[in-house]
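A quick write-up on the structure given underneath.
Both ligands and their constituent atoms are indexed starting at 1 by order of listing.
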Amino acid sequence: MRRTTRGTPGQNAERTPNGTALRGRLRRLTAGAAVTLMAACALNGAPAAASADAPPAYEDPALPVDDRVEDLLSRMSLDDKIGQMTQVDRSALVPQSDLATYRIGSVLSGGGSVPTPNTPQAWAEMYDSFQRTALSTPLGIPVIYGVDAVHGHNNVRGATIFPHNIGLGATRDPGLVERIGRATAEEVSGTGVDWTFAPCLCVARDDRWGRTYESFGETPELPGAMTTLIDGLQGASLGAPGSVLATAKHYIGDGGTTGGDDQGNTQLSEAELRAVHLPPFREAVKRGVGSVMVSYSSWNGVKLHGHRYLITDVLKGELGFGGFVVSDWAGVDQLDGRQGFTAAEVRDAVNAGIDMVMVPHDYRRFIELLRAEVRAGRVPMERVDDANRRILAKKFELGLFENPYTDRSYTSTVGSAAHRELAREAVRKSQTLLKNSGSVLPLSRSAKVFVAGKNADDIGHQSGGWTITWQGGSGNITPGTTILQGMRAAASDPSRVVHDRYGNGIDGSYDVAVAVVGETPYAEMEGDRPGSMGLDQEDLSTLSRLRASGVPVVVVLVSGRPLDIAGQLGGWDALLAAWLPGTEGAGVADVLYGRHAPTGKLPMTWMRSASQQPVNDGDGKDALFPYGYGLTYTGTVPDGPDDPEDPENPEDPEDPGQARCTADYRIVSQWSGGFQAEVTVRNTGSAALDGWQVRWTPPGGLTVNSVWNATLTRSGDTVIATGMDWNGRLAPDGSATFGFTATGSPAVPATVCAGA
Ligand code: BGC
Ligand code: BGC
């Protein structure tokens with residue numbers, strides 16, 4: 001993934017007298033150390049010099065990663081190992097030489113922790129500079145740099161900002177999400193960064209939670225299906241150009257806290273926790289996710305950061321997670337509920353199974369405390385070695401030892417036209433039409449339109465939190481196209497679209513008014529709405545001005561979650577949920593003007609009132625709009641998975657063949673009393689399969705505890721799995737996999753697969 005260069009930039013290592021053998025080592029020796037090595041060679045004479053020159057095994061890319069890890073580990077001191085387990089925010093690393101002095105293994109940019117100027121080039125320079133410092137240590141272990149690229153490379157000014165996860169959930173399009181992962185990875189690679197703290201696989205159950213928009217949806221199936229983002233981020237292999245390490249976060253139950261409290265307490269039985277919050281992580285592990293971040297939240301009063309059962313037994317043991325576990329920002333500090341961290345907190349977190357600690361500030365003290373705990377035998381050396389093996393394996397797999405510096409061939413992809421086009425596609429596919437009285441939408445290109453609302457012409461607002469800064473901001477924080485600009489470009493003549501933020505100046509001469517209202521940016525800690533979830537006073541006033549004109553009112557809601565709008569909905573002619581679209585506002589206009597019909601489906605149940613929270617699919621509450629709801633227009637050409645021009649289109653009317661399906665049932669893992677099974681359905685026919693069902697009769701009966709990527713029903717002794725709307729249609733040769741955990745006999749039954 002990095003540029004192939006063995007030498008430190010600016011230094012020509014190729015010219016060293018000892019040639020290739022010495023090159024690898026010299027590249028990261030300081031000048032002084034190099035002199036010492038030469039002196040030793042001279043003293044020992046030629047034969048000894050030859051063996052001293054033989055590169056250590058860990059430097060040999062031809063050896064298997066495990067062998068390289070073992071060789072390197074055997075050369076590391078306790079301090080080297082503790083350094084690898086330490087992650088520091090870039091702004092706290094002062095002086096930068098501390099990276100080498102303390103052998104620190106990882107640096108991060110927290111939200112808004114950026115170089116000056118905040119350009120892709122400055123990021124690349126900064127990254128390479130940290131890397132040079134890391135490589136100057138005797139063992140030359142490269143640093144791994146992490147950021148929150150959670151909707152594109154969102155800290156970097158000029159990067160493509162994709163819709164937040166809630167909008168991607170509305171697309172029901174895992175293939176699109178994978179392509180977004182790939183595009184994001186390219187932009188991240190172009191700035192040197194190796195690792196992103198994404199995707200959030202939170203299953204947001206209570207929309208009062210301020211991180212609801214980081215969730216792909218409220219059912220475990222939807223975030224599970226969108227783990228394709230990991231495939232896009234990590235690429236064909238971690239070492240391939242343009243791949244970055246992904247993180248499944250926040251493990252586990254972050255979206256299940258009582259009251260939707262950020263960092264709160266998830267009060268559920270183990271069976272419920274496993275059924276609702278575990279499946280997306282299982283899916284992520286299956287896709288080979290490289291790291292998992294622990295949640296700030298607690299499970300039944302016990303903080304996840306000290307939860308050995310959930311981290312070590314369930315994640316690493318039962319799920320077989322082989323990557324490394326990182327703590328959340330100062331998450332270890334919270335174990336005892338008091339400010340700052342203590343030796344006991346550090347010990348408990350590491351012993352619980354955390355491999356790398358996002359300190360992120362007081363690294364000297366952290367290192368001191370962990371060293372003392374290890375020396376006293378309270379943190380076993382095997383635990384430290386295990387953490388190091390996990391971290392180092394990823395560094396080798398990423399190719400960091402061979403190609404430690406920024407791959408500048410990707411720098412120009414940051415904010416590229418191709419990536420912005422992909423983002424626009426994602427925006428239009430995420431638009432979710434909830435009301436359309438009298439077919440007021442789509443707008444005619446020649447319509448005289450009045451546009452109002454605080455989110456109509458504001459890149460910051462339409463991008464939401466985690467954009468350039470941690471909490472996000474207002475105005476032109478980064479280049480992009482606002483929704484208003486997109487509408488003007490879509491109209492036959494831009495002057496047909498008149499704008500006033502507050503709705504002043506509207507009169508009866510307009511064909512339609514479009515109010516772009518909703519929320520303004522927020523992120524974790526600031527975003528919880530335990531009280532009202534309605535529109536603010538500005539929006540309500542704007543809307544009443546528009547309504548008073550008597551022209552039809554279309555509401556475009558820019559928000560990180562469903563809002564309490566039932567009281568006003570009757571006065572609106574149309575309602576389009578735009579979620580948090582990011583920089584490509586033209587995607588909203590594509591749908592408003594009918595260039596593409598809306599295809600988004602609600603990833604969350606829409607409350608009838610805030611007092612209904614939590615409200616979720618299948619809970620029997622009388623929602624305003626159910627999970628999965630979404631209208632479309634008739635008569636326009638639909639876009640997306642159903643596109644008739646798409647060669648993969650399963651409904652291609654030209655295809656005369658026959659669909660046929662097979663189901664392959666296998667046991668993935670088993671434990672005392674239970675097991676996990678997976679069934680892959682494949683269309684082996686020559687025509688598209690429009691919906692599928694797999695039936696089997698479990699020998700000896702079974703109780704299903706959780707299921708993902710299908711719905712399970714029963715008919716007598718027979719279990720019937722039905723594909724979901726996003727994986728039910730299979731093109732010829734297409735396949736879908738669903739899975740479940742169950743108690744009962746893991747014997748493999750005969751299956752029957754048929755079209756639904
Ligand atoms: C958030 C994480 C994020 C980390 C680093 C934390 O406060 O909970 O989602 O990855 O900060 O910025
Ligand atoms: C950082 C974020 C971090 C947060 C946690 C902020 O200062 O920028 O990345 O998640 O603190 O409290």
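Relative to the six-membered ring of Phe130, Arg90 misses at least one condition, a distance below 6.0 Å or an angle of at most 45° to the axis. Figure legend: Arg172 and Tyr627 shown as a cation-pi pair, the cationic atom lying under 6.0 angstrom from the six-membered ring centre and within 45 degrees of its axis.
Counting only residues at least two apart or on different chains, the salt bridge (Lys or Arg N to Asp or Glu O under 4.0 Å) pairs with a member in residues 231-240 are Asp231-Arg287. Evaluation of the salt bridge (Lys or Arg N to Asp or Glu O under 4.0 Å) test over residues 259-269, restricted to residues two or more places apart or in two chains, returns none.
Among Gln87, Met293, Gln263, His250, the residue whose heavy atom lies closest to atom 9 (O) of ligand 1 is His250. Between atom 5 (C) of ligand 1 and the options Asp89, Val147, Thr247, Asp148, the minimum heavy-atom separation is to Asp148.
Per-residue contacts place Trp329 under 4.0 angstrom from the following atoms of ligand 1 (heavy atoms of the residue considered): 6 (C), 7 (O), 11 (O). With ligand atoms numbered from 1 in the order given, ligand 1 contributes 10 (O) to contacts under 4.0 Å with heavy atoms of Phe197. Set against the non-hydrogen atoms of Lys249, the atoms of ligand 1 under 4.0 Å away are 2 (C), 3 (C), 9 (O), 10 (O). Near Arg211, meaning under 4.0 Å from any of its heavy atoms, are these atoms of ligand 1: 1 (C), 2 (C), 8 (O), 9 (O). Using a 4.0 Å cut-off to heavy atoms of Asp328, the atoms of ligand 1 that qualify are 1 (C), 2 (C), 3 (C), 4 (C), 6 (C), 7 (O), 8 (O), 11 (O).
Of the heavy atoms in Glu214, none comes closer than 4.0 Å to ligand 1.
Salt-bridge formation is not detected for the pair Glu526/Arg211: no Lys NZ or Arg NE/NH1/NH2 atom is positioned less than 4.0 Å from an Asp or Glu carboxylate oxygen. Ion pair Arg529/Glu519 flagged as a salt bridge, since at least one NZ, NE, NH1 or NH2 atom sits closer than 4.0 Å to an Asp/Glu carboxylate oxygen. With salt bridges taken as basic N to acidic carboxylate O contacts below 4.0 Å, one links Arg364 and Asp98.
Considering backbone and side-chain N/O atoms, Trp466 never comes within less than 3.5 Å of an N/O atom of ligand 1. Some N or O of Tyr296 is nearer than 3.5 Å to an N or O of ligand 1, by distance alone. Considering backbone and side-chain N/O of Glu524, one or more are found under 3.5 Å from N/O of ligand 1.
Considering Lys394, Arg389, Lys81, Lys316 as possible partners of Asp355, the one that fulfils the salt bridge (charged side-chain N to carboxylate O under 4.0 Å, His left out) test is Lys316.
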